[in-house]
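Side-chain atoms are counted along with the backbone in the values below, which use heavy atoms only and exclude waters and symmetry mates.
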Amino acid sequence: MIMKHNNFLVQINGMELKTLTNIFNVFKKLDIKYETFKTISKSNTITDIDNNLNHNLITIGGVSFLRILNQLPQSLKSSVDYDINLFDQNHYKTMDLPLLNNDAQYFSFNEIKDFVFENDMFVKPSKDIKSFNGGTIFVNETLNNYIYRTGGSLSKVENEQILIAPLKKIFYEYRFFIHNDEILGASRYSWNYNYSEDPFVPDYIMDTAKEYAKLYNPTDIFVMDLAETDKGIFIVEYQCWNISAFYSSNLFNLIGRINEIKGTIQS
């Protein structure tokens, strides 16, 4: 029996130096092979890498990598746990999941771009490849105005499905990296609507995450975000783990476990 080794590919443009340093330190401790690359958006390509097909390729990157995924070789497509439809909330809203925005409505961008809202509402793209950041759209504000105000690009939004939902009272938000119903990494990332990292996740939140992890597995490994609200604990959304922020997850345990899961034995 021969172990087929993993080779991690790490996107270095658009990634914080602190995050890259932490990743590379973990690779060194675990003796994991890796290469780095950059995305070139104008040509829908990436910088040259040694695409060694004798290894399992695993990418850690950003949204720009997923946006050009269809233009890349199959070995790179297979390096991420991703399906654009399975991570689309307009798809999994039908699965009787405890979603934070189960009361959302969905519109094409053109349907709603000039609509003037009479109440503050929550707005975000339905897909996880976010063309703009989700947030509160204010009374008398249009979606066009919101995207401009928040620094989004209208050219990236034209073909999007847009989620609109009433605002919720959220106390904390947590991120979980999951394989089947196993939690590989966990961290808090928001407290009272403010960015707030903390490695501590209460046991009752962990228990809820384990239960919710059984309900829907979009891919082999995935990210599930949970929100603790005045009405209970709900799923915010699912995301591709390969491009998701680690926050304060134990990176040594997380990458080490992913490396084990992705390693294969062949005779």
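The nearest pair of heavy atoms linking C240 to D128 is N-OD2, 3.4 Å. When all heavy atoms of G185 and S249 are compared, the closest pair comes out as C-OG, 3.8 Å. Residues I205 and L226 share a closest heavy-atom pair of O-CD1, 4.3 Å.
E228 pairs with exactly one of Y172, Y204, W191 by the side chain to side chain donor-acceptor pair (under 3.5 Å) rule, that one being Y204. Of the candidates F87, F177, Y92, F176, Y238 forms a ring pair (Phe, Tyr, Trp, His ring centres under 6.0 Å) with just one, namely Y92.
Between the side chains of D120 and T136, no donor-acceptor pair of N or O atoms lies under 3.5 Å. N144 and D114 share a side-chain donor-acceptor pair at under 3.5 Å. Donor-acceptor pairing under 3.5 Å is recorded for the side chains of T39 and N13. Counted by atom type alone, S126 and Q89 present zero donor-acceptor pairs between their side chains at under 3.5 Å. Side-chain polar atoms of Q161 and D88 form no donor-acceptor pair below 3.5 angstrom. A side-chain N or O of S108 and one of E111 form a donor-acceptor pair less than 3.5 Å apart. N22 and T19 are not linked by any side-chain donor-acceptor pair at a separation below 3.5 angstrom, with hydrogens and angles left out of the test. Residues H179 and D220 bring a donor and an acceptor atom of their side chains to less than 3.5 Å of each other.
The aromatic rings of Y247 and Y189 lie parallel to each other, with less than 30° between the two planes, well short of the 60° mark.
Side-chain atoms of S190 never come within 3.5 Å of backbone atoms of S196 as a donor-acceptor pair (strictly under, hydrogens ignored). Side chain of N180 to main chain of E182: no donor-acceptor pair is present (N/O by atom type, distance under 3.5 Å, no hydrogens or angles).
The shortest side-chain heavy-atom distance between Y212 and D181 does not fall under the 4.5 Å cut-off. Within the 4.5 Å cutoff, the side chain of I261 has heavy atoms near those of the R257 side chain. When side chains are defined from C-beta on, Y82 counts as touching L66, because their heavy atoms get closer than 4.5 Å. Considering only heavy atoms from C-beta on, I162 comes within 4.5 Å of V123 through its side chain. Looking at heavy atoms from C-beta onward, L57 lies out of side-chain contact with S78 at the 4.5 angstrom threshold. Contact of the L76 side chain with the I46 side chain is registered, since non-hydrogen atoms from C-beta on lie closer than 4.5 Å. The shortest side-chain heavy-atom distance between I60 and I23 falls under the 4.5 Å cut-off. Using a 4.5 Å heavy-atom cutoff, the side chains of D225 and E173 are not in contact.
Separating the OG atom in S79 from the CG atom in N7 is a distance of 10.5 Å, to the nearest 0.5 Å. Remark: T59 OG1 to D81 CG distance equals 10.5 Å, nearest 0.5 Å.
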Self-check item: M15 and K38: CA distance, side-chain angles, deciding distance, side chain to side chain contact (heavy atoms under 4.5 Å, CB included) verdict
Solution: CA-CA 10 Å; M15 194 89 77; K38 294 180 181 179; over 6 Å; no

Practice problem: Dump the intermediate steps for salt bridge (charged side-chain N to carboxylate O under 4.0 Å, His left out) on K124 and E237, then the final yes or no. | Solution: CA-CA 11 Å; K124 80 176 190 74; E237 62 185 352; 3.2 Å; yes

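No more than 12 heavy atoms of other residues, nucleotides or ligands lie within 6.0 Å of CD in E118, so this atom counts as exposed by the packing criterion. The local environment of CG in D31 is sparse, with at most 12 non-hydrogen atoms from other residues, nucleotides or ligands closer than 6.0 Å. Within 6.0 Å of atom NZ in K231, 12 or fewer heavy atoms from other residues, nucleotides or ligands are found, so the atom counts as exposed in its surroundings. Counting heavy atoms of neighbouring residues, nucleotides and ligands inside a 6.0 Å radius, atom CZ of F171 exceeds 12 of them. More than 12 heavy atoms of other shown residues, nucleotides or ligands fall within 6.0 angstrom of atom CG in N110.
In terms of hydrophobic clustering, with Ile, Leu, Val, Met, Phe, Trp and Tyr side chains grouped at heavy-atom distances under 4.5 Å, I84 and F132 are assigned to different clusters. Under the 4.5 Å side-chain heavy-atom criterion for ILVMFWY residues, no single connected hydrophobic cluster contains both I68 and I40. Cluster annotation: M224 and L163 are assigned to distinct hydrophobic clusters (Ile/Leu/Val/Met/Phe/Trp/Tyr, side-chain heavy-atom contacts under 4.5 Å, transitive).
At least one cation-pi condition fails for K33 and F8: the charged atom is not both under 6.0 angstrom from the six-membered ring centre and inside a 45 degree cone around its axis.
Under 4.0 Å is where a charged nitrogen must lie from a carboxylate oxygen, and between K130 and E160 no such pair does. In this structure, K168 does not pair ionically with D230, as no charged nitrogen and carboxylate oxygen lie closer than 4.0 Å.
Aromatic rings from F117 and F115 are positioned such that their centres are separated by under 6.0 Å.
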